[in-house]
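Report on the structure given below.
Letters A, B, ... are given to chains in the order of the sequence lines, protein chains preceding strands, and every chain is numbered from 1.
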Amino acid sequence: MDAEGKFDAIVVGAGPAGTTAALTMARGGMKVALLERGEYPGAKNVFGGVLYRWPLEEIIPKFWETAPLERQIVDHRFMVMSKDSGLLLSFKVDGRGKAPYNGYTAIRAKFDKWYASKAEEAGVTLATSAVVDDIIMKDGKVVGVRAGPGIENELYADLVIAADGVNSGLAVRAGLREPPSPDQVALGVKEVVELPAEAIEARFNLRKGEGTRMETMGCTHGKMGGGFVYTNANSLSVGVVILLSHLMELKMKPYELLDEFKAHPSIEPFIEGGKAKEYSAHLIPEAGYKGVPRLYRDGMMIAGDAAYLCSYPEGTNLAMASGMLAGKAALHAKKNNDFSAKTLSVYHEMMNESYVIKEMKRKDSSHTAMLNNPRIFGLYPDLINEILADVLHVNGETKTAKHKRAKSKFRDKVGLLRALRDAYSTRGMAP
Amino acid sequence: MVNSVVCVKQVPDVAELRIDPMTHNVIREGVPSILNPDDRIGIEEAVRIKEKHGGRITVLSMGPPQAKAALFECLTMGADNAILLSDRAFAAADTLATAYTLARAIKKYRNDFDLIICGRRAIDAETGQTGIQIAEQLDIPHVAYVKNVELFPEQRKVVVKREVEDHIETIEAPLPILLGVMEGLNKPRLATLREIIRSKNKEIKVVNVVELGGDLNLYGLKGSPTWVAKVYPPPPKAGGIIKSGGTRETVTELVKILVEKKLIN
Ligand SMILES: Cc1cc2nc3c(=O)[nH]c(=O)nc-3n(C[C@H](O)[C@H](O)[C@H](O)COP(=O)(O)OP(=O)(O)OC[C@H]3O[C@@H](n4cnc5c(N)ncnc54)[C@H](O)[C@@H]3O)c2cc1C
Ligand SMILES: Cc1cc2nc3c(=O)[nH]c(=O)nc-3n(C[C@H](O)[C@H](O)[C@H](O)COP(=O)(O)OP(=O)(O)OC[C@H]3O[C@@H](n4cnc5c(N)ncnc54)[C@H](O)[C@@H]3O)c2cc1C
């Protein structure tokens with residue numbers, strides 16, 4: 001910071017997006033301030049969650065050797081559940097006990113703090129307990145940020161990167177987007193349940209240090225959403241995610257949904273005897289590709305959740321990827337000493353070529369369907385469970401009769417044509 | 001110019017403290033740590049004095065390495081540098097040993113002080129003795145329960161208002177002095193963005209027992225003649241009597257009860 005309170009760039013928010021952007025710029029020789037409202041980075045941050053190796057590995061090679069990680073993910077599970085039963089699919093891979101793995105569970109309070117310390121090592125000035133409440137404009141350009149009254153709370157820079165998460169007050173202030181509407185965000189509620197490591201490994205059939213990520217559908221009363229269980233070193237993260245507008249229609253409290261999920265016969269045995277340690281709630285962008293706002297303007301770019309660049313359950317990786325590209329665009333602008341929208345448009349171009357936007361585009365086809373088709377999250381999971389329960393129940397009635405009943409149930413409740421159409425319209429959901 | 005030393009303690013947020021019903025011990029695990037509220041008032045006063053008269057503010061704390069967070073907070077409010085006295089040998093100190101440690105550090109690192117500011121009390125152990133004992137160890141005067149401070153550096157004196165039971169004393173005293181400050185003296189400021197950033201370059205010196213020197217028998221548990229026999233929550237208050245109805249009847253009833261209990265006649 002010089003005497004006038006100026007940096008080359010200011011990044012607001014020390015989550016995955018902001019820290020990556022700051023790190024990228026600092027490595028390129030820029031003087032960067034990273035402003036975080038939490039007492040420390042990650043203090044209040046919430047995710048499931050699994051941290052994927054890509055693109056973090058590109059930013060911090062061999063990060064798995066030093067980062068605070070919980071378990072390496074070798075087991076991907078998917079459960080289709082009805083009220084009292086569940087069909088579980090488990091895909092096990094990577095189980096050779098050799099790093100690096102494709103993904104790791106992590107606790108954000110630990111990881112974000114560590115990650116920001118890497119940015120500090122690269123020369124970034126990290127300020128915590130710094131709540132930014134506005135951008136400063138001059139001649140139509142963003143020239144700084146404000147964190148309270150008076151000049152001592154103003155900071156200036158050639159460039160401001162807003163990585164302040166899903167609500168992004170700054171992107172809204174800059175006119176790049178609106179505050180989220182209830183059908184653009186999902187609410188995730190999560191509980192951390194403490195269990196001994198050995199219990200976790202036994203319950204999920206894991207070797208020491210290995211982990212499971214489990215996604216479920218059919219636990220949201222037909223509304224768009226699902227549940228999850230992730231294994232940490234000594235705890236499980238158990239949660240439910242539901243589109244906010246759908247939650248409002250349901251007229252249920254989010255913790256009621258979570259309690260139902262935890263009490264489900266297919267979930268309860270995993271967490272039995274565990275001690276609830278903390279409870280948290282956080283919004284998740286669900287605006288799809290169509291919801292992604294304009295990513296830049298004169299003197300400013302936005303990255304990560306702030307730009308709705310999230311494709312649940314992938315979020316931190318997309319945030320890092322966009323943060324990295326924003327950082328690269330900043331270095332390009334610095335080289336040309338021009339931070340106008342015109343120069344910063346390289347960010348937009350690089351994003352369009354990136355996994356982030358391509359993946360969001362692919363998923364977008366299913367987005368509308370998931371939003372408006374109640375069969376997907378209710379009828380199908382129920383039907384699958386009902387048919388399986390009937391067919392697997394041995395009571396003297398022939399399987400032929402049961403198969404016949406299954407077919408007619410399927411025909412009555414859905415129909416082949418509609419099922420095919422639903423399958424096609426949700427193809428974006430494919431992993 | 002007024003050089004001050006402000007002693008601060010990092011304390012558990014007592015609002016979140018609970019007592020284990022079985023062992024009667026305070027459950028400290030998972031309780032967030034904060035800067036002792038009275039000490040925040042101490043920092044604010046020191047910064048105001050500095051703004052008016054110039055000088056240098058050193059914050060001093062004895063505690064575990066995490067106490068750096070509390071010290072950093074003081075720096076963001078405007079203190080110039082910080083010293084953390086941290087060593088296993090300092091652990092489990094009572095007020096006597098705490099005061100010995102702090103006084104020794106003040107003598108060693110800031111012997112040019114004009115003013116030492118302590119909080120009236122720390123919200124965890126709440127003895128309110130540490131400051132007074134520091135003053136005794138340094139053989140300087142002290143005033144406790146300070147609610148107003150006015151400095152006259154040229155005349156090397158201070159005029160303070162001190163709150164006691166039912167009246168306020170105005171005291172004039174020479175510098176150097178130790179003041180025990182309390183709620184109501186000022187309203188602590190919020191750190192500004194630029195001061196947070198400047199504070200990143202301010203020093204937090206960590207000092208261990210070897211560096212501090214002194215008599216090893218006077219530190220920590222060894223130097224503590226007091227010990228805690230038992231910690232227990234106060235018995236819950238019995239529910240009071242609530243009378244409702246018209247003013248006349250309830251007052252009459254109330255007077256009757258008070259007379260019965262021989263509280264009035
Ligand atoms: C329940 C749940 C489960 C999830 N599961 C996964 C998962 O398994 N895998 C995955 O990859 N992703 C997951 N996600 C998504 C992921 O958490 C986000 O996509 C990711 O955190 C976005 O990163 P970000 O840096 O853009 O924003 P954030 O992580 O939200 O960081 C924003 C930062 O900005 C700070 N900030 C905000 N406003 C201000 C301000 N005014 N001034 C200063 N600082 C400010 C915040 O304190 C925060 O540190 C999940 C999300 C939720 C809620
Ligand atoms: C009988 C008794 C036994 C105790 N035994 C133990 C024990 O075994 N283990 C243990 O951990 N604790 C113990 N304590 C707590 C410990 O003695 C006190 O926390 C410590 O001595 C400070 O006293 P206080 O908290 O009452 O502070 P007060 O005297 O109420 O604090 C007044 C002011 O002194 C200053 N101050 C106090 N402590 C510090 C500090 N550490 N650094 C800088 N400034 C400070 C601050 O300005 C504070 O506002 C015991 C307390 C008592 C009363």
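Contacts with chain B (heavy atom to heavy atom, under 4.5 Å) involve these residues of residues 112-142 of chain A, listed by number: A/Glu120, A/Thr125, A/Leu126, A/Ala127, A/Thr128, A/Ser129, A/Ala130.
Side chain to side chain, B/Gln129 and B/Thr95 meet the donor-acceptor criterion of an N or O pair below 3.5 Å. A donor-acceptor pair shorter than 3.5 Å cannot be found between the side chains of A/Arg71 and A/Thr231.
When heavy atoms are compared at a cutoff of 4.5 Å, A/Leu35 approaches chain B solely by way of its side chain, counted from C-beta outward. Contacts between B/Ala191 and chain A at a heavy-atom distance below 4.5 Å involve the backbone alone (N, CA, C, O).
The cationic group of B/Lys157 lies under 6.0 Å from the six-membered ring centre of B/Phe152 and within 45° of the ring axis, placing it in a cation-pi geometry.
Interface summary for chain B: among A/Arg146, A/Glu154, A/Glu39, the most heavy-atom pairs under 4.5 angstrom belong to A/Glu154.
In summary, B/Arg189 and B/Glu44 engage in a salt bridge, as defined by a charged side-chain N under 4.0 Å from a carboxylate O. Remark: B/Glu45 does not engage B/Arg40 in a salt bridge, criterion side-chain N to carboxylate O under 4.0 Å.
No donor-acceptor pair closer than 3.5 Å links the side chain of A/Asp164 to the backbone N or O of A/Val12.
Residues that satisfy the ring-ring contact (aromatic ring centres under 6.0 Å, His included) test with B/Tyr145, not counting sequence neighbours, are absent from this structure.
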